[in-house]
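These notes concern the structure reproduced below.
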Amino acid sequence: MSLAEITARIETATQKAGRASGSVHLIAVSKVQPNERVAAVLDQGHRCFGENRVQEAAGKWPDFRSAYDNIDLHLIGPLQTNKARQAIALCQSIHTLDRPKLATTLARLAQETGHCPDLFIQVNTGEEPQKAGVLLADTDAFVTMCRELDLPVRGLMCIPPVDEEPSLHFALLAKLAARNGLDQLSMGMSADFETAIALGATHVRVGSAIFGARTGTA
Ligand SMILES: *Cc1c(COP(=O)(O)O)cnc(C)c1O
């Protein structure tokens, strides 16, 4: 599928949901994709991309930034505290704030550098032991903690369990966000972004549907 097709499907889903045109951001997830495919999407004018590893982002995005203006880079994978400084320097948004230690580290770096990316708190809506994210019962307290640290928390993010109906998780995330006065929702991937938009997604993270299947592992 092409970027234009995905953009059109996002617009249709947005209208169907009775939402304002352009209210859903498409994060083109470029992890593990060859640079030529990423450049082709940049050449079509798209500027919003997602990477799931700091190391990989650091390897390719500085060069793209010198060649293209206004790149908006989102970190959508787990962030180790020892990579936080690098992540802040590279990314405009981080979607995977998921624990107090990372929150305090980001707050310290924000103080020191005078700058912090927009943040999403990742919620483990499926309560999966192997998955990152704050547990449901801890979410409200964690949002409060991040606010007390003056972190720019904009919204919530989730990755539903692969074998479950994603709409239940999207609806749950929307409810948690509303309860905490957060209006941005990072949810929906190639297989389910239209469902996510119907349930209020403001940021969809779409990789393979734009770039084709990933050849490496992510
Ligand atoms: C890889 C990835 C995506 C994109 O997945 P696709 O199914 O290729 O669209 C979205 N979100 C996260 C967190 C990812 O790691």
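Numbering starts at 1 and runs along the sequence shown. Values below: every heavy atom of this structure, side chains too, minus hydrogens, waters and symmetry copies. Indexing begins at 1, ligand by ligand and atom by atom, following the structure's order. These numbers come from a predicted model, not from an experiment.
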| Any pair counted as side chain to side chain donor-acceptor pair (under 3.5 Å), so long as it reaches residues 38-47, sequence neighbours left out | Asp43-Tyr68
| field | ligand 1 contacted by Arg214 (non-hydrogen, < 4.0 Å) | value | yes
List ligand 1 atoms under 4.0 Å from [X], heavy atoms only on the residue side.
{"X": "Gly207", "result": "4 (C), 6 (P), 8 (O), 9 (O)"}
{"X": "Arg205", "result": "4 (C), 9 (O), 10 (C), 11 (N), 12 (C), 13 (C)"}
{"X": "Val206", "result": "9 (O)"}
{"X": "Ile159", "result": "13 (C)"}

Does a donor on one side chain and an acceptor on the other come within less than 3.5 Å for [X] and [Y]?
{"X": "Ser186", "Y": "Arg205", "result": "yes"}
{"X": "Glu164", "Y": "His169", "result": "yes"}
{"X": "Glu51", "Y": "Ser30", "result": "yes"}

| Using heavy atoms and a threshold below 4.0 Å, how should the contact between Lys31 and ligand 1 be classified: side chain, backbone, both, or neither? | side chain
| What residues form a side-chain hydrogen bond (donor to acceptor under 3.5 Å, both in side chains) with Thr7, not counting sequence neighbours? | none
